[in-house]
Amino acid sequence: MTAPLLTACQHRDMTDTVTGWWHGFEGGEIAKLRAPPPGENLPYPHVGRTPTQAPNLPTPEARLSLTTRLEAQRNLAQRESAAQGALPTIPPPPKPTPAAVTTANAEQSGMTMTTVGQPEPESPSAINPAPDTPATASPAQAPAKKPPVQAQSPAPEAELPPVVAKSIPPTPPGQFPKIGDLPPPPPQFPGFDLPRDAMLSGPVQPDIDTSTPEGTLIRFQPATDHVMGNPQGDYQHIVSQRGNRPLTIRGFGAFMSADAALAPADQNREIALGLLRARVVARALIERGVPASAIILKAEAIGDGVRVTTGG
């Protein structure tokens, strides 16, 4: 009678072997067999049916209002960045010049200290006399007297405005202190002018149009007239919605660029870039059957890409 012999293979690399040996050496819970994961024998859930409840999303009107506010803040940031002009270039700091070696510094570096009762060391000139000078000793010459150094008077300090302390009248018990309707006046410093919006609750906003331009947006790579992505679908949508009406193609220059500014030379450069972008879109629409007489080209200095609208 023969019994069937069942064999099986198990993969255990060097990492598994060393890890199991170490866990067995430590003992305790880590040396026991790992429990199966919860729900191992349960059927897989239907992923297409989850979640069963629609998430709570804001209404389309609320999302449109939020989008409008964000676009206005973005457009305002573009104009403020352009009003500040290009970023300043800070020159590198000058290199420090090495200090010149003077006779006083050389004599000071050659000084030595002696203790009480120790003879003073001979000077280097006495030990190694110069070849041109004779070795005969000469009478010591008295050192020349230096003129007395007059102490310089310190520079007068800048006068600060006087500090006036105002006493607050005591508040009787059971009553609230009186609070004025107007805010306290800002501090005054001599030689400094207060800004215009110092007494206002919020900063002064420039009187510019922060609304997003209408029309189909064609995006371009920064500072170039190369189209970003594949705008074939946008071109087809413009041609299908046109009918017999003219098209206005408005190209924009720099978009949040550090070189954008409101100077006339900068605006001329960005308007030229906007015209180049508008011509690229115009050529693509002419190739799709739009007559050149029905296309109006415009350009602005600050914006994003190209906007194509139907009508004059």
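Just so we're clear, the structure is a prediction, and the values are computed from it rather than from any experiment. Hydrogens, waters and symmetry mates are skipped; everything else that's a heavy atom, side chains included, is used.
- Connection of Ile286 to Leu247 is established within a shared hydrophobic cluster, with ILVMFWY side chains joined at heavy-atom distances below 4.5 Å, either directly or through further cluster members.
- The structure places CD of Gln73 at 12.5 Å from CD of Gln78, a figure rounded to the nearest 0.5 Å.
- Linking Ile, Leu, Val, Met, Phe, Trp and Tyr residues whenever their side-chain heavy atoms come within less than 4.5 Å leaves Leu285 and Ile296 in two separate clusters.
- Within a 6.0 Å sphere centred on CZ of Arg242, heavy atoms belonging to other residues, nucleotides or ligands number more than 12.
- When all heavy atoms are compared, the tightest approach of Gly24 to Ala31 is CA-CB, 4.2 Å.
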Intermediate values then yes/no, side-chain contact (heavy atoms from CB on, under 4.5 Å), Val306 and Leu217: CA-CA 6 Å; Val306 171; Leu217 174 62; over 6 Å; no
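- More than 12 heavy-atom neighbours from other residues, nucleotides or ligands sit within 6.0 angstrom of CD on Glu71.
- How far CG of Leu275 is from CD1 of Ile249: 11.5 Å, rounded to the nearest 0.5 Å.
- Shown here are the salt bridge (Lys or Arg N to Asp or Glu O under 4.0 Å) partners of Glu300, two or more places apart in sequence or in another chain: Arg250.
- Considering only heavy atoms from C-beta on, Thr216 stays 4.5 Å or farther from Arg307 through its side chain.
- For the pair Gly251 and Ala278, the tightest heavy-atom approach, listed with the atom from each and the gap, is N-CB, 4.1 Å.
- For Arg63, the salt bridge (Lys or Arg N to Asp or Glu O under 4.0 Å) criterion is met by no residue, not counting sequence neighbours.
- Taking CG from Asp234 and CD1 from Ile218, the interatomic distance works out to 4.0 Å, rounded to the nearest 0.5 Å.
- When side chains are defined from C-beta on, Glu270 does not count as touching Ile302, because their heavy atoms never get closer than 4.5 Å.
- Side-chain contact between Val239 and Val290: present, with at least one pair of heavy atoms (C-beta onward) separated by less than 4.5 Å.
- The minimum heavy-atom distance between Ala284 and Tyr235, with the atom names listed, is CB-CE1, 3.5 Å.
- Taking the side chain as every heavy atom from C-beta outward, Phe220 and Val227 approach each other to under 4.5 Å.
- Taking both residues in full, the closest heavy atoms of Met228 and Gln221 are given as CE-CA, 3.9 Å, listed atom of the first, atom of the second, then distance.
- Although no hydrogens or angles enter the test, the distance criterion places no donor-acceptor pair under 3.5 Å between the side chain of Ser65 and the main chain of Glu61.
- Here the options are Leu273, Val280, Val281, the test is side chain to side chain contact (heavy atoms under 4.5 Å, CB included), and the partner is Arg277; only Leu273 passes.
- The pair Lys32-Glu29 meets the salt-bridge criterion, since a charged nitrogen lies less than 4.0 angstrom from a carboxylate oxygen.
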